Structures are given as C-alpha cells and as structure tokens.
Q: 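Dumping the structure here so I can ask a few things about it.
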Amino acid sequence: MGVTLRFVSVVGGDISLLPYSLGHYRELGVESFHVIRHVESRADPTLDPSVEVMREAGYCFADVCVAPWHEDLNAALIRKEMSAWPDDWWIVADLDEFHVYDRSLAEVAAYCEEHGFDFVEGAFLDRVSADGRLTGPLPYGGEPLWRQYPLAGQLTVGLLDGRPTKVTLARGTVELDLGQHCAWTGRGVPAEEIYAQVHHFKWTASAATRLTRRVAAYSSGEWRLLHRSIVGESQRFLDHLGENGGRIDVGDPRFRFARCSLGYADYPGWEGTGPALRRRFRAYDAARREKRRTTGALE
C-alpha cells in the first residue's frame, strides 16, 4: 500500500529560493504542495511575483496570510494544513531547508509505516558561499544550488548557539514544536536508523536584512516573541558579520565547514550526529514536555 507525501511550508518576503525548493521536493517524490504565503501587507511587492513562480511550477498557494510575523504563526499555519490530512505523511520544511536522506523519501515513509513510527528527525548542515560572502542564488534552472553554496558546516551551533535539530517528516497527527525542532507527540525513528540532513541555505544575500528586521520587530514587541533566544541568535550573526567585513569566516574551526554536494555521505563526520544530538537534548525536551503537559504552555 502506497503512502501520500505532502509538503508544507510558509513563504515570507525573500522568494529567491522558492523555485529551488519546489524543484527539490518534486524530485524527492512529493505529490502535493501546501505552500502558504505570508505577507504583512497585501501591498508587498514580492506577492505577485511569488504567485507567478508557483503558477509556472504548476501550483498555487494553499493560502495567503496577512499578519505580523509572530513567533507562533508559522507553527499555527502548518498545523492547520497537516490536521486536514491527518493520515498522510508531511514533509515539513522552511523555504531554505533542503532535506537529504540515505535512501529515497518513499522508502523512508515506508519504513515508518512498517515499523510504527510517526516522525523522522534530522539536523542542519548550514550552506554558505566559498568565501563566506552573502550572495543571492542565481536564476533557477542553471547551476545547482549546492554548487553556488559549496561549503556545509555547523554555523547554527558554532556561532548562533542555536538548536540545529528539525522534524523533517511526520504524520499529520503529530504535534510539532515551534520551528519544528522537536515533536511533542508520536514515536520517532531512532536516529541510528534514519536521520535526515537538512541543508540550510539561509545565509544568502538577504540574510543581514532579514535578521536585522527580526531583531528590531521582536525586541520592540511589534512581533510576539515567546523565546528570547531568537533575538540573541540573530544578533550574534549580525555581530559576526560586522567583525568580518560583512562575510562569514569560513575558516573558523568552530563552524567545521567542508566542501560538500547534496550526497548524504559527503559531509565528513556526519555519522553519529543524530544520536549525539538526541542525547544532548533529551533531558531538556523531557522537561519542556512535562511543563507543556502540566501548564499547557507552548514549551
């Protein structure tokens, strides 16, 4: 019996990766795309071009949400889509997140079905340009994205001190944490059996502008903030750019950058990453899960 693979994502103002994302997940075997467009105003100049990108790919937006970018909005929009098809499998990815597995996506879903698992986890491999400059992607259809950003590494952990884990595939019934960094319900595949690489193409030409806006809006209260760490992570990145002439220091050993394609076995030292991260966050997640159970807080 086959499984239905659905993709869900929320698209903001930078739409440069949209055609790449659609193409990547179509190649992985996704059958249905549930892409929500977020704008703070209908007058957003990127709205119509994004509609055209979707049309050219043969799709349309599942919804257009006009609202401030509150921290919990993304999760609410994704939850709404997933709950409408609770029995199907959902690829959950931000626009800059490109999942790579050690087998086909259909085989991953079939493995979960066979063994009674409800979700799969993975972790970031941050992709940057060869010299650390913040460059925008070329027009879609030419050079592959991984060649434009040939270095993969651990920027989220090494610089931002952020959490790199993500839930990449889940049944529609699974409740996800804000940012999809963990799952609150369901049974996950052990990291020793399947663990996704999430190639993270966040560090493009618009990164400094996006994160400057994020710091200002969350700090002022314009956007609702539930986790203060988001501001600190963004500011650490902006400070790093200021200290390095507007570039990411790709030679910093903390970031472990290495040349890498989209082949699962290409990044040196990846083996063991999943189990190590599971151990690192096990107690933290257990405490948050208990707090959520007893107080109902979004923790």
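Since the model is a prediction, treat every value here as computed from it, not as a measurement. Note: hydrogens, waters and symmetry copies are ignored here, and every other heavy atom, side chains too, is used.
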Q: Is a donor from one side chain sitting under 3.5 angstrom from an acceptor on the other, for Thr204 and Arg127?
A: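 Checked: Thr204/Arg127 side chains show no N/O donor-acceptor pair below 3.5 Å.
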
Q: Do Glu81 and Trp90 pair up side chain to side chain, a donor and an acceptor below 3.5 Å, judged on atom types alone?
A: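 Not at all, the side chains of Glu81 and Trp90 share no donor-acceptor pair under 3.5 Å.
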
Q: Which of these passes side chain to side chain donor-acceptor pair (under 3.5 Å) with Asp177: Arg292, Arg289, Arg288?
A: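 Only one of Arg292, Arg289, Arg288 forms a side chain to side chain donor-acceptor pair (under 3.5 Å) with Asp177, namely Arg288.
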
Q: Does the side chain of Leu160 come within less than 4.5 Å of Phe237's, by heavy atoms?
A: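 Yes, close enough: below the 4.5 Å cut-off.
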
Q: CG/Asp285 to CZ/Arg278 distance, rounded to the nearest 0.5 angstrom?
A: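 Between atom CG of Asp285 and atom CZ of Arg278 there are 9.5 Å.
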
Q: Does the pair Leu225 and Val231 meet the rule for a side chain to side chain contact (heavy atoms under 4.5 Å, CB included), with working shown?
A: CA-CA 9 Å; Leu225 179 66; Val231 173; 4.0 Å; yes

Q: Are any of the side-chain nitrogens in Arg236 or Glu233 under 4.0 Å away from the carboxylate oxygens of its partner?
A: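 Salt bridge: no.
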
Q: Distance check, rounded to the nearest 0.5 Å: Glu40 atom CD versus Cys65 atom SG?
A: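 Reported to 0.5 Å precision, the distance equals 10.0 Å.
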
Q: Can you name the nearest heavy-atom pair linking Leu277 to Ala123, along with the distance?
A: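 Shortest heavy-atom contact: CD1-CB, 3.5 Å.
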
Q: Using modelled atom types and a 3.5 Å cut-off, is there a donor and acceptor pairing between side-chain atoms of Tyr59 and backbone atoms of Met54?
A: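 No.
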
Q: Would you say Val92 ends up clustered with Leu125 if hydrophobic residues are merged whenever their side chains have heavy atoms under 4.5 Å apart, either directly or through other cluster members?
A: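 As far as the 4.5 Å side-chain criterion goes, Val92 and Leu125 are not connected within one cluster.
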
Q: Please give me the minimum heavy-atom distance between Ser220 and Ala217, naming the atom from each residue.
A: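 Taking Ser220 first and Ala217 second, the nearest heavy atoms are OG-O, 3.3 Å.
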
Q: Can you tell me how far apart NE2 (His38) and CG (Asn74) are? Round to the nearest 0.5 Å.
A: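 Interatomic distance, His38 NE2 to Asn74 CG, rounded to 0.5 Å: 9.5 Å.
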
Q: So which heavy atom on Cys112 is nearest to which on Val189, and how close?
A: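 The answer is SG-CG2, 3.6 Å.
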
Q: Specify the closest pair of heavy atoms between Pro275 and Ala191, including all atoms of both residues, with the distance to one decimal.
A: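 Nearest heavy atoms, Pro275 then Ala191: N-CB, 3.7 Å.
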
Q: Could you report the tightest heavy-atom contact between Leu47 and Val64, atom names first, then the distance?
A: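 Heavy-atom minimum between the residues: CD1-CG1, 4.4 Å.
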
Q: So, Glu97 versus His200: side-chain donor-acceptor pair below 3.5 Å or not?
A: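 Looking only at side-chain atoms, His200 and Glu97 do not form any donor-acceptor pair under 3.5 Å.
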
Q: If every non-hydrogen atom of Ala109 is compared with every non-hydrogen atom of Val3, which pair is closest and at what distance?
A: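 In terms of heavy atoms, the two residues are closest at CB-CG2, 3.6 Å.
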
Q: Are the side chain of Asp161 and the backbone of Val157 linked by a donor-acceptor contact shorter than 3.5 Å?
A: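 Flag not set: sc Asp161 to bb Val157 has no pair under 3.5 Å.
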
Q: Membership question, hydrophobic clusters at under 4.5 Å side-chain separation (ILVMFWY): are Tyr149 and Leu134 in the same one?
A: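 Unlinked, Leu134 and Tyr149 end up in two clusters.
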
Q: Mind running side chain to side chain contact (heavy atoms under 4.5 Å, CB included) on Arg293 and Glu290 for me, showing each step along the way?
A: CA-CA 5 Å; Arg293 186 187 69 80; Glu290 179 63 16; 2.7 Å; yes

Q: Looking at side-chain heavy atoms only, is the closest gap between Cys260 and His199 below 4.5 Å?
A: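 Touching, per the 4.5 Å side-chain cut-off.
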
Q: Test Val250 against Val128 for side chain to side chain contact (heavy atoms under 4.5 Å, CB included), laying out the working first.
A: CA-CA 8 Å; Val250 297; Val128 302; 3.9 Å; yes

Q: Quick one: NE2 on His34 to CZ on Phe61, what's the gap to the nearest 0.5 Å?
A: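 Separation between the atoms: 14.0 Å.
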
Q: Is there a side chain to side chain contact (heavy atoms under 4.5 Å, CB included) between Asp14 and Asp96 once you walk through the steps?
A: CA-CA 10 Å; Asp14 185 348; Asp96 55 16; over 6 Å; no

Q: Would you please say whether a donor-acceptor pair under 3.5 Å links the side chains of Tyr101 and Thr168?
A: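 Note: Tyr101 and Thr168 side chains meet the donor-acceptor criterion.
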
Q: Do the rings of Phe33 and Phe7 sit parallel, tilted or perpendicular, given the 30° and 60° boundaries?
A: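 Geometry flag for Phe7 against Phe33: tilted rings.
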
Q: Are any of the side-chain heavy atoms of Asp131 and Ser129 separated by less than 4.5 Å?
A: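 Asp131 vs Ser129: side chains touch.
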
Q: Would you find a donor on one side and an acceptor on the other, under 3.5 Å apart, between the side chain of Ser219 and the backbone of Ala216?
A: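 No.
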
Q: Are Lys166 and Glu121 close enough that some pair of their side-chain heavy atoms sits under 4.5 Å apart?
A: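 Answer no - side chains too far apart.
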
Q: Parallel, tilted or perpendicular: which describes the rings of Trp270 and Tyr267, with under 30° parallel and over 60° perpendicular?
A: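 Perpendicular: the ring planes of Trp270 and Tyr267 meet at over 60°.
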
Q: Look at the rings of Phe98 and His24 and say which category their plane angle falls in: under 30° parallel, 30 to 60° tilted, over 60° perpendicular.
A: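 Judged by the thresholds at 30° and 60°, the geometry between Phe98 and His24 is tilted.
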
Q: Ring of Trp85, cation from Arg6 - is the NZ or CZ under 6.0 Å from the centre and inside 45° of the axis?
A: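 So Arg6 does make the cation-pi contact.
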
Q: With distance as the sole criterion, is a donor-acceptor pair present between the side chains of Arg210 and Ser206 under 3.5 Å?
A: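 Yes.
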
Q: Are Val10 and Trp69 side-chain neighbours, meaning at least one heavy-atom pair lies under 4.5 Å?
A: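 Yes, close enough: below the 4.5 Å cut-off.
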
Q: Decide side chain to side chain donor-acceptor pair (under 3.5 Å) for Thr46 and Arg37; before the verdict, give the C-alpha distance in whole Å, the side-chain angles of both, and the deciding distance to 0.1 Å.
A: CA-CA 10 Å; Thr46 67; Arg37 183 66 164 95; 2.5 Å; yes

Q: Say whether, by atom type as modelled, one donor and one acceptor occur between the side chain of Glu107 and the main chain of Ser104 under 3.5 angstrom.
A: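 A pair under 3.5 Å: yes.
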
Q: Looking at Phe119, I'd like to know if the NZ or CZ of Arg171 sits under 6.0 Å from its six-membered ring centre while staying within 45 degrees of the ring's axis.
A: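 So Arg171 doesn't make the cation-pi contact.
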
Q: Without swapping roles, check the side chain of Ser21 against the backbone of Leu17 for a donor-acceptor pair under 3.5 Å.
A: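 Such a contact is absent between Ser21 side chain and Leu17 backbone.
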
Q: With a 4.5 Å heavy-atom cut-off, do Leu159 and Gln154 have their side chains touching?
A: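 They are not in contact (no side-chain heavy atoms under 4.5 Å apart), so the answer is no.
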
Q: Would Phe281 and His181 satisfy ring pair (Phe, Tyr, Trp, His ring centres under 6.0 Å), going step by step from the backbone distance to the final call?
A: CA-CA 11 Å; Phe281 290 104; His181 293 292; 9.0 Å; no

Q: Could you see if Leu95 belongs to whatever hydrophobic cluster contains Val198? Use Ile, Leu, Val, Met, Phe, Trp, Tyr and a side-chain cutoff under 4.5 Å.
A: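 Each belongs to a different hydrophobic cluster.
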
Q: Test of understanding: clusters of I, L, V, M, F, W, Y form through side-chain heavy atoms closer than 4.5 Å, transitively. Do Val120 and Val167 belong to the same one?
A: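 Not linked; separate clusters.
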
Q: Please determine, by modelled atom types, if Trp89 and Glu31 share a side-chain donor-acceptor pair under 3.5 angstrom.
A: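 Note: Trp89 and Glu31 side chains miss the donor-acceptor criterion.
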
Q: Judged by atom type as modelled, is there a donor-acceptor pair below 3.5 Å linking the side chain of Asp118 to the main-chain atoms of Arg187?
A: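 Yes: the side chain of Asp118 pairs with the backbone of Arg187.
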
Q: Can you measure from CZ (Arg256) to CG (Leu155) and round to the nearest 0.5 angstrom?
A: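 Spacing of CZ (Arg256) from CG (Leu155) equals 13.0 Å.
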
Q: Hydrophobic cluster membership, with links at side-chain heavy-atom distances under 4.5 Å among I/L/V/M/F/W/Y: are Leu176 and Phe117 in one?
A: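 No, no single cluster joins them.
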
Q: Quick one: does Glu71's side chain get under 4.5 Å of Arg224's, heavy atoms only?
A: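 In short, these two side chains do not touch, never coming nearer than 4.5 Å.
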
Q: Could you tell me whether the side chain of Thr185 and the main chain of Glu175 form a donor-acceptor pair under 3.5 Å?
A: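 Side chain of Thr185 to backbone of Glu175, a donor-acceptor pair under 3.5 Å: yes, one is there.
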
Q: Within the structure provided, determine whether Arg163 and Tyr284 are in side-chain contact (heavy-atom separation under 4.5 Å).
A: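 They are in side-chain contact.
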
Q: If you round to the nearest 0.5 Å, how far is OH of Tyr20 from CD1 of Ile15?
A: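 The OH atom of Tyr20 is 13.0 Å from CD1 of Ile15, to the nearest 0.5 Å.
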
